[in-house]
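When reading the values below, keep in mind they use all heavy atoms of this one structure, side chains included, and skip hydrogens, waters and symmetry mates. Per chain, numbering begins at 1; letters A, B, ... match sequence-line order.
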Amino acid sequence: MSIHDTPILHDVSLELKPGAVLGIIGESGSGKSMTALSIMQLLPHGASLTGDIIFDGLDIVEATEEQMCDIRGNDIGMVFQEPMTALNPVQTIGSQVAECIALHMPVSHRESVKQAAAVLERVGLPNNQFPLSRYPHELSGGQRQRVVIAIAVALQPKLLIADEPTTALDVTTQAEILTLLQRLVKDSDMAMMLITHDLAVVSEVADDIVIMRNGRVVDHGKTSNIFDELAHPYTRALFEASSHAPERLNEAKQIEPLVKLTNLVCEYPLPRKTFFGARQVFRAVNEVSLTIHAGESVGLVGESGCGKSTLARALLGLSPIQGGSILLHGERLQAGVALSRKVRRELQVVFQDPYSSFNPRHRVARLVAEPLHVLDNPPTGTERANLVRATLESVGLSGDDADKYIHEFSGGQRQRIAIARALIIRPALIILDEAVSALDVSVRAQVLDLLAGLADSHQLAYLFISHDLSVVRNITDRVLVMKAGQIVERGNTESVFNDPQHEYTKRLLAAAPQLPASASQTG
Amino acid sequence: MLRYLFKRSLILLATLFVASLVVFITIEVVPGDPASYMLGLNAQEDTVAALRAELGLDKSKPARYISWVSGLLTGDFGTSYTYRTPVADMVRDRMWVSLPLAIFALLLSTIIAFPAGVYAASHRGGITDTIVMAFTQLGVAIPNFWFAMLLVLLFAIKLSWFSAGGFPGWDAGFFQALKSLTLPAIALALPQASILTRVMRSSLLDVLNEDFMRTARAKGLTRRKALWKHALRNAMIPVLTIIGLQFSFLLAGAIIIENVFYLPGLGRLIFQSIASRDLIVVESVVMLLVMAVVLVTFAVDLAYAWVDPRLRGTR
């Protein structure tokens with residue numbers, strides 16, 4: 001397959017059997033989504049395809065658009081990665097599911113709606129709680145993904161293609177959706193192609209596995225065989241990267257607290273319920289206390305909406321606080337009052353999305369040098385240029401990269417630039433808000449190594465905010481588990497993970513997919 | 001939904017109140033005596049005093065504001081100083097020209113823009129798309145009074161299909177009146193249709209790239225069906241905004257076109273009242289136009305809520 005004569009996929013061969021799950025694993029750009037879109041014949045404009053895709057006796061490559069419209073939604077269903085945007089926001093969920101049924105079956109409108117209700121029921125959205133008249137924005141991410149699945153399986157297709165169906169979801173929601181998909185496969189004896197970058201997800205769900213890299217299939221076989229043997233070097237490398245634990249010199253000196261939060265409260269006003277009634281408030285962070293020492297790495301885990309990010313914003317002085325106090329080096333931070341330069345130079349942040357957190361019209365040198373203005377005597381001229389070079393080199397980039405623009409870098413490189421930007425003023429604490437979640441496993445491993453190395457050489461403290469439990473486990477000394485604005489459990493990372501006390505922590509850990517033990521040992 | 005309506009209505013009332021204050025203050029309270037301004041430099045003192053009494057300028061400012069607003073609410077807009085006729089009657093006559101003209105022009109521009117925008121977006125990069133885009137570029141660039149003159153030259157003078165100007169009144173028959181509004185409406189609609197086509201096209205292109213369009217295709221919808229059933233309604237919001245703005249503009253902004261075609265519309269009324277310093281007419285007509293704009297905005301807000309369920313608030 002190629003797009004505008006640029007080859008994308010080479011000699012990809014794979015086979016799907018009814019009632020079985022085929023996992024396709026690969027990093028971004030490996031061609032896994034393109035493989036799926038080839039089967040659907042929904043490739044981007046300008047794509048050309050050679051070879052055969054035989055579906056139920058029909059060669060899809062040769063099929064007309066008319067034939068494909070009959071097959072799509074009817075014989076092949078597809079579930080996409082981003083449930084938040086995969087549904088039409090101005091149509092009710094009922095009409096979106098019913099549309100698919102009415103399109104392929106000669107039934108009346110009333111009958112299609114009745115069937116839609118039954119399908120939604122089947123994917124775990126009971127009609128009495130989630131009437132068909134709901135709009136997508138009235139549902140959570142996991143519920144929307146169930147609607148997307150309902151559309152895909154409404155006509156009992158022979159093949160279900162799920163492209164990163166759980167990547168955008170929390171661990172507990174992910175577990176529920178995976179269980180649902182497995183149940184649907186078993187119930188109706190359909191084949192499922194599960195595309196993901198997460199090895200642990202595949203290892204739990206798939207019967208067979210295909211590993212892709214740069215548009216080629218590099219390894220394939222039964223799930224258990226692949227994970228036991230790790231025959232192919234790339235398979236092994238992927239494995240090692242996904243359970244990668246950076247080496248850390250564990251010597252957090254607990255002398256003087258760097259940051260101390262005491263009974264922190266953050267609230268948001270909710271829209272008024274009645275016009276003249278008092279405004280209700282939502283307490284996003286409820287009496288949270290936490291201390292971070294110099295050089296220490298602290299993890300903060302919890303599901304989306306639990307208040308993690310609000311906490312980070314409050315700590316940075318970006319969100320108002322309604323109670324409690326934040327002490328940094330003994331100095332009190334107050335929202336609304338401009339932070340003193342002395343405070344601001346101690347705190348830096350790295351955000352989740354390396355693609356949208358840079359101004360695309362500035363050169364890297366200017367981006368990285370941005371925080372320098374909080375210094376009392378910011379360096380100028382050659383001194384400044386040298387500092388930028390040195391900082392870029394310390395994150396493993398070349399000093400010459402300073403003259404480039406941000407679009408010339410890959411996701412992993414961009415995240416290094418974001419770290420360089422945070423490092424340049426030598427802060428005491430860097431807040432990493434889902435900083436590695438968007439990265440491929442091998443890149444993630446490199447970035448984690450970099451962070452661990454920098455912590456040792458610069459005496460850096462990290463507040464590591466993530467929903468990815470395995471990452472938090474590998475890089476933090478202590479961990480805090482947050483639920484509905486409160487810290488429900490805290491302690492040393494190993495002891496929390498090995499012996500969780502709180503029900504919620506147990507649930508989180510149980511929901512997180514695990515790599516098979518044999519592989520973890522070799523890895 | 002009711003909450004949304006209620007909130008919008010309150011905003012509507014508040015806007016009208018503030019607007020009436022602003023209009024009143026700028027015209028009546030700013031330095032300089034309206035009476036002597038209206039009568040000009042060479043006015044006799046007793047004439048000014050008489051006009052002051054007639055305008056009620058000897059009363060206190062709040063009292064004048066209240067009597068003006070209550071007059072507006074009961075339909076009493078005062079009496080024009082130059083024409084010596086009630087302003088309400090003048091406005092009503094002019095409204096019967098301006099309002100149909102605005103609606104006519106808006107309908108024309110929508111009828112042209114919708115198919116053109118949808119076609120251009122669904123055949124992006126094709127030859128038709130390029131041609132449509134070139135035409136809209138031209139439509140925005142051509143001044144509408146010049147285009148109006150071209151229309152007159154061709155259709156009125158050369159072909160004699162339409163009259164070159166003037167308005168026979170609705171009493172002369174519906175089609176007769178409509179015919180005399182046709183050329184002005186086309187002249188007004190041209191730039192509006194061009195803008196609307198471009199907005200329609202770009203808004204639709206944005207929507208076509210959304211994830212839910214891929215979902216729609218994965219259901220088995222053809223490209224065309226997906227566009228009609230899923231993309232169009234989502235693309236409507238920016239289009240509605242532009243239509244609302246255009247209507248307000250067409251109602252009051254047609255001064256030049258009304259002059260070219262010699263139509264007795266609201267635009268010309270304001271123009272003439274300003275020229276003859278008839279502040280009573282200016283004040284009332286400006287307030288009326290503000291009301292019209294605010295009402296159109298309100299209607300657009302309601303249309304938003306109809307199109308986009310997210311704006312209706314949670315249930």
Completion exercise
All heavy atoms of Thr222(B) vs all of Cys69(A), minimum pair found to be CG2-SG, 3.6 Å
Practice task
Could you tell me which of Ile76(A), Asn74(A), Leu37(A), Leu103(A) has the largest number of non-hydrogen atom pairs under 4.5 Å with chain B?
Solution key: Leu103(A)
Practice task
Please answer whether the main-chain N or O of Asp211(B) pairs with a side-chain N or O of Thr85(A) as donor and acceptor at a distance below 3.5 Å.
Solution key: no
Handout entry: Donor-acceptor contact present, side-chain Gln91(A) to main-chain Lys229(B), <3.5 Å
Key = yes
Fill in the blank from the handout: Assert top hit (heavy-atom pairs under 4.5 Å, partner chain B, pool Ala86(A), Gly77(A), Gly73(A), Pro136(A)) equals Ala86(A)
Handout entry: Minimum heavy-atom distance between Pro89(A) and Pro309(B), given as atom pair plus value
Key = O-CG, 3.3 Å
Fill in the blank from the handout: Taken to the nearest 0.5 Å, the spacing of Met213(B) CE from Asn88(A) CG works out to 8.0 Å
Practice task
Flag yes if more than 12 heavy atoms outside Tyr65(B) fall under 6.0 Å of its OH atom; otherwise flag no.
Solution key: yes
Exercise for the section: Side-chain contact test, heavy atoms from C-beta onward, threshold under 4.5 Å: evaluate it for Lys219(B) versus Gln96(A) and give yes or no. Expected result: yes
Practice task
Select one option (side chain, backbone, both, neither) describing which atoms of Leu87(A) are under 4.5 Å from chain B's heavy atoms.
Solution key: backbone
Practice task
Take atom CD of Glu65(A) as the centre, draw a 6.0 Å sphere, and report whether it contains more than 12 heavy atoms from other residues, nucleotides or ligands.
Solution key: yes
Handout entry: Rounded distance [0.5 Å steps], CZ in Arg214(B) versus CD in Glu82(A)
Key = 9.5 Å
Practice task
Using non-hydrogen atoms and a 4.5 Å limit, figure out which bit of Ile161(A) sits close to chain B: side chain, backbone, both or neither.
Solution key: neither
Practice task
Kindly indicate whether the side chain of His230(B), heavy atoms from C-beta on, has any atom under 4.5 Å from the side chain of Glu99(A).
Solution key: yes
